[in-house]
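Presented below is the structure to which this report refers.
Heavy-atom basis, side chains included; hydrogens, waters and symmetry copies ignored. The sequence lines fix the lettering, A, B, ..., with proteins before strands; numbering per chain opens at 1. Computed from a predicted model, the values in this text were never measured in an experiment.
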Protein chains: 2
Amino acid sequence: MGISSIRPGIRNEEGLASAGQVLRQVFGDRFQTGESIRAQHAHTTTWVPPQLPDGVVFIETAADVREIVRIATQHRVPLIPFGTGSSLEGQVNAPNGGFSLDFSRMNKVLEVNPDDLDCTVEPGVTREELNSHLRDTGLFFPIDPGANASIGGMTSTRASGTNAVRYGTMKDNVLALTVVTANGEEIRTARRARKSSAGYDLTRLFVGAEGSLGIITSVTLRLQGIPEQIAGGYCNFPTLRQACEAVIMTIQMGIPVARIELLNALQVKACNSYSGLNLPEQPSLFVEFHGSPDSVRLQSEAFGEIAAENGSSPFAWSANPEERARMWKARHNVYWSAKALRPGANAIATDVCVPISRLAECVAETEIDIAEHGLLAPIVGHAGDGNFHVSLVIDDKDPKEIAIAEAFIARLNKRALAMDGTCTGEHGIGQGKQEFLSDELGGSVDIMRQIKKSLDPLNIFNPGKIFALD
Amino acid sequence: MGISSIRPGIRNEEGLASAGQVLRQVFGDRFQTGESIRAQHAHTTTWVPPQLPDGVVFIETAADVREIVRIATQHRVPLIPFGTGSSLEGQVNAPNGGFSLDFSRMNKVLEVNPDDLDCTVEPGVTREELNSHLRDTGLFFPIDPGANASIGGMTSTRASGTNAVRYGTMKDNVLALTVVTANGEEIRTARRARKSSAGYDLTRLFVGAEGSLGIITSVTLRLQGIPEQIAGGYCNFPTLRQACEAVIMTIQMGIPVARIELLNALQVKACNSYSGLNLPEQPSLFVEFHGSPDSVRLQSEAFGEIAAENGSSPFAWSANPEERARMWKARHNVYWSAKALRPGANAIATDVCVPISRLAECVAETEIDIAEHGLLAPIVGHAGDGNFHVSLVIDDKDPKEIAIAEAFIARLNKRALAMDGTCTGEHGIGQGKQEFLSDELGGSVDIMRQIKKSLDPLNIFNPGKIFALD
């Protein structure tokens with residue numbers, strides 16, 4: 001055994017070689033070491049360079065995971081769980097080498113309990129697969145990050161998305177987990193009751209831990225009834241501040257809006273161009289309401305009044321599924337619409353989240369920053385949560401542009417923290433945001449490190465993510 | 001220094017004596033050792049015998065807490081945080097001796113942010129004090145356990161109550177905490193943004209930790225807008241099953257009911273007698289709706305139809321505040337109404353929580369168990385969560401009655417666990433439910449122990465609660 005635990009930047013060459021031999025023996029063709037497969041498993045959407053694992057194991061069962069954790073423990077090598085690879089901050093990279101655990105084949109819906117509005121799935125199930133499976137039950141799983149991510153990955157990054165303002169984030173929608181811990185055994189963090197005061201909340205500890213405390217082998221999720229009616233619409237405002245004021249009032253009035261998305265003028269322009277919309281290029285809100293037809297009508301009317309009070313264009317709402325689909329498709333394609341603003345360029349997505357009273361100020365200052373530095377960067381936000389994204393359209397092969405973008409992101413985070421916000425509302429820390437996490441939470445990061453050392457003393461689970469260990 | 005860390009059942013007499021001297025020096029009159037004050041701080045509502053602390057410190061500032069943690073660390077003595085003493089499972093007992101930290105004087109509302117629907121309070125603020133303070137803002141804090149508990153205590157036991165079906169539990173309503181950890185420093189677990197993916201969810205780790213990982217010094221809470229209208233009503237059903245079916249359908253239809261409480265026939269009888277109601281002695285639902293007048297009307301009508309479909313008496317709802325107040329006062333007095341069923345007896349409150357599809361079965365089997373063992377024990381439940389309480393009316397001076405009650409509680413927990421439920425929906429583990437926690441979560445309890453040992457290596461924070469350390 002070359003080393004006693006995995007340290008920053010160090011590859012345990014001896015262990016990696018011997019573990020690879022064992023994995024080959026145990027998993028045969030389910031263990032792959034070809035470069036293209038390894039490269040697929042270290043894909044990042046930022047400029048963080050890909051760091052390839054030494055091999056990829058296609059996981060099929062919890063027993064596979066237990067076995068691999070035993071092997072990794074024996075040989076002191078890292079394990080990096082992999083769902084669909086849609087994480088944004090380098091969560092699937094392998095800075096110390098090691099083995100990627102690909103869960104795409106462990107994707108059964110294990111159980112649906114319609115009366116309890118819950119289900120249990122294997123981690124490789126994607127949210128679209130889950131919702132297809134649920135279609136006949138009248139239920140759906142509401143959490144909706146842009147990508148068709150896996151439930152395991154969404155759990156590990158504490159994902160949210162457009163519906164979170166009404167339905168919460170993964171933290172609110174995971175009821176229980178099974179997890180293989182460092183001793184190679186599988187624990188269950190909670191039962192299926194909707195609430196519990198039984199001991200430490202291990203469920204919430206593993207949600208958002210980015211695979212650094214154990215490997216998730218099943219997820220029990222809360223489900224929602226498919227609303228009888230869904231209606232949506234948009235309106236635009238003379239200024240960002242007015243759009244944000246409308247959002248604050250909507251939340252304060254307790255209108256149970258299902259989605260309320262803020263697009264700045266440049267983002268509207270990008271959507272018009274990429275998605276064939278024809279909206280005035282002004283700060284806009286895309287909104288959606290869920291409920292009975294009566295309730296949706298009441299919500300829409302109440303929102304329309306609030307928007308008008310804040311100077312909006314007439315709020316046109318519709319329960320027509322095609323109109324809605326067109327609008328939300330444009331919303332979901334903002335990343336591609338940003339990229340298309342500059343052919344050949346890449347779009348780097350970054351997010352922060354602030355108390356909603358500071359949203360207008362934070363976005364406005366960010367717009368000025370973007371203008372001052374000559375950046376091309378539309379903004380779109382989950383305004384009801386105070387969470388917004390900047391898509392930095394840059395040539396990510398050009399170190400000068402990367403440096404400008406990095407400096408911009410540092411200022412963006414500093415700005416959000418100064419407003420008592422967080423450096424990430426939904427993307428996670430991964431490799432990209434570690435310094436901002438320290439700025440945000442100070443001594444709490446030491447507590448996180450203590451927990452990590454206690455539950456993963458050899459630093460086998462996704463090392464180098466969230467924080468550096470000494 | 002007598003011992004290196006605090007072990008089960010062992011009092012560090014030398015350390016307790018020397019720490020007492022230092023506390024007297026530092027805190028003067030704010031440190032009290034009189035027996036009656038110590039007895040007030042070890043009050044339990046069960047038959048768990050009071051275990052008095054060696055002294056009580058009346059905390060006023062976070063600096064006090066930091067100082068006391070330093071003293072406790074130096075002298076190896078336990079610290080037991082104390083809010084109002086309304087916890088139910090021995091959480092404030094001092095099995096190893098030590099010092100009770102009374103937070104009743106650290107009770108300022110530090111900040112209210114109406115636009116963000118949040119506030120930050122010191123831990124000694126009670127929920128009624130908070131809601132009085134908020135009255136002029138149009139906001140309220142919805143979590144509502146029976147007692148007028150402190151926010152610090154509610155945080156530490158992951159409290160919920162009647163409103164949780166709509167507004168969630170403390171886990172969902174605490175945005176951030178400051179906590180003094182074992183090194184005597186104060187950390188902040190999160191910023192004030194409504195969501196975050198920044199690192200491990202330390203907020204949720206401290207919520208429900210029963211003071212065993214650190215001492216909470218402030219709590220940032222989500223608030224809700226006071227509903228424009230509140231309406232409520234009740235109806236009764238021929239059978240428990242039908243009442244539960246109505247609850248399941250209500251939840252499944254997505255009706256955002258604010259409260260939906262199940263009372264069994266004996267509980268209704270007790271309420272009639274104690275609170276001067278005149279309801280048919282049948283399984284009943286007390287419900288409440290929050291929203292705009294139109295929305296409340298729609299919700300009430302929809303619920304009325306569901307109830308009727310399940311064989312209920314006509315559902316009479318009213319927005320009349322006096323009628324509502326009378327009904328909910330009776331609900332909140334169920335503990336006293338149970339006690340009054342047998343003059344001179346005590347009522348022991350215990351709770352479990354099951355998936356709602358199993359609620360009818362679990363309550364019905366429990367009723368049979370109660371009848372078979374000749375117990376007097378009304379049942380009331382937060383039916384929308386699957387959480388119910390049994391009030392065991394016994395002579396808690398009679399060891400035979402205690403033994404019968406203990407055996408009943410063991411069966412009740414076994415039954416709930418067999419239905420994939422939890423041994424406590426909202427009371428916590430404390431001293432009373434440790435064996436059931438093990439039955440419920442198995443190896444997860446070892447993970448909890450590892451976290452405890454890592455964050456509190458000397459076992460100073462509320463030792464002997466949740467689980468035994470070896």
Side-chain angles (χ1 to χ4, degrees), chain A residues 113 115-117 157-158 160 164 169 171-172 181 185 187-189 191-202 204-205 208-209 225 248 252-254 292 294-295 298 353-357 385-387 420-429 437 440 443-444 447-448 450-451 454-455 466, chain B residues 113 115-117 157-158 160 164 169 171-172 181 185 187-189 191-202 204-205 208-209 225 248 252-254 292 294-295 298 353-357 385-387 420-429 437 440 443-444 447-448 450-451 454-455 466:
Chain A
N113 301 291
D115 278 352
D116 295 316
L117 285 82
T157 53
R158 206 181 295 130
S160 50
T169 75
K171 135 179 112 53
D172 308 295
T181 58
E185 282 169 30
I187 61 164
R188 187 177 177 193
T189 60
R191 298 297 190 101
R192 213 157 52 72
R194 287 167 76 88
K195 67 181 192 189
S196 173
S197 287
Y200 301 162
D201 190 345
L202 297 185
R204 248 54 55 183
L205 184 63
I248 292 172
Q252 241 175 355
M253 297 281 294
S292 68
D294 279 333
S295 145
L298 291 173
C353 186
V354 293
I356 57 172
S357 68
D385 297 323
N387 183 204
D420 218 355
T422 174
C423 67
T424 173
E426 56 184 23
H427 292 181
I429 299 296
L437 177 66
E440 180 174 334
S444 280
I447 299 293
M448 295 181 199
Q450 286 177 41
I451 294 170
S454 150
L455 300 193
I466 306 182
Chain B
N113 301 291
D115 279 352
D116 295 316
L117 286 82
T157 52
R158 205 180 297 128
S160 49
T169 75
K171 134 178 111 53
D172 307 296
T181 58
E185 281 169 28
I187 60 163
R188 188 177 176 191
T189 60
R191 297 297 190 103
R192 213 157 51 73
R194 287 167 76 88
K195 67 181 193 189
S196 173
S197 287
Y200 301 163
D201 191 345
L202 297 186
R204 248 54 55 184
L205 183 62
I248 293 173
Q252 242 175 354
M253 297 281 293
S292 67
D294 280 334
S295 145
L298 291 172
C353 186
V354 294
I356 57 174
S357 67
D385 297 323
N387 182 204
D420 217 355
T422 174
C423 66
T424 174
E426 55 184 24
H427 291 181
I429 299 296
L437 177 67
E440 179 173 334
S444 280
I447 299 293
M448 294 181 201
Q450 286 177 41
I451 293 169
S454 148
L455 299 194
I466 305 181

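- The contact between A:T181 and chain B is made entirely by side chain atoms (from C-beta outward), counting heavy-atom distances below 4.5 Å.
- With a threshold of 4.5 angstrom between heavy atoms, B:I466 approaches chain A through side-chain atoms but not through N, CA, C or O.
- Between chain B and the residues A:V354, A:N113, A:D294, the most heavy-atom pairs under 4.5 angstrom are made by A:D294.
- Contact of B:I451 with chain A is made through backbone and side chain together, with heavy-atom distances under 4.5 Å.
- Contact annotation for A:I447: both backbone and side-chain heavy atoms come within less than 4.5 Å of a heavy atom of chain B.
- Chosen from B:G225, B:G425, B:G428, the residue pairing most often with chain A at heavy-atom distances under 4.5 Å is B:G425.
- In terms of heavy-atom pairs under 4.5 Å with chain B, the best-connected choice from A:G254, A:C353, A:G208 is A:C353.
- For B:S197 (side chain) and A:T157 (main-chain N/O), a donor-acceptor pair under 3.5 Å exists by modelled atom type.
- For the options A:D420, A:I429, A:L202, A:N387, heavy-atom pairs under 4.5 Å to chain B are most numerous at A:D420.
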request  = Before giving the answer on side chain to side chain donor-acceptor pair (under 3.5 Å), spell out for B:S160 and A:K195 the whole-Å C-alpha distance, their side-chain angles and the decisive distance to 0.1 Å.
outcome  = CA-CA 9 Å; B:S160 49; A:K195 67 181 192 189; 2.8 Å; yes
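- Judged by distance alone, with hydrogens and angles left aside, the side-chain atoms of B:D201 form no donor-acceptor pair with the main-chain N or O of A:L205 at under 3.5 Å.
- Counting heavy-atom pairs under 4.5 Å between each of B:G421, B:G443, B:P355 and chain A puts B:P355 at the top.
- A donor-acceptor pair is defined here as one N or O able to donate and one able to accept, closer than 3.5 Å; no such pair exists between the side chain of B:D385 and the backbone of A:R194.
- Taking A:E185, A:K171, A:Q252, A:M253 one by one and counting their heavy-atom pairs under 4.5 Å with chain B, the maximum is reached by A:Q252.
- Contacts of B:L298 with chain A are made by side-chain atoms alone, with heavy-atom separations under 4.5 Å and no backbone atom involved.
- By the side chain to side chain donor-acceptor pair (under 3.5 Å) test, B:E440 is found to be paired with B:T422, residues two or more places apart in sequence or in another chain being considered.
- Counting only distance, with no hydrogens or angles, the side chain of A:S454 and the backbone of B:S454 share no donor-acceptor pair below 3.5 Å.
- In this structure, B:R158 contributes its side chain and A:S196 its backbone to a donor-acceptor pair below 3.5 Å.
- Of all the listed residues (B:C423, B:A164, B:G199), the one sharing the greatest number of non-hydrogen pairs under 4.5 Å with chain A is B:G199.
- For B:R191, there are no side chain to side chain donor-acceptor pair (under 3.5 Å) partners, not counting sequence neighbours.
- If you take CD1 on B:I356 and CG on A:D116, they are separated by 6.0 Å, rounding to the nearest 0.5 Å.
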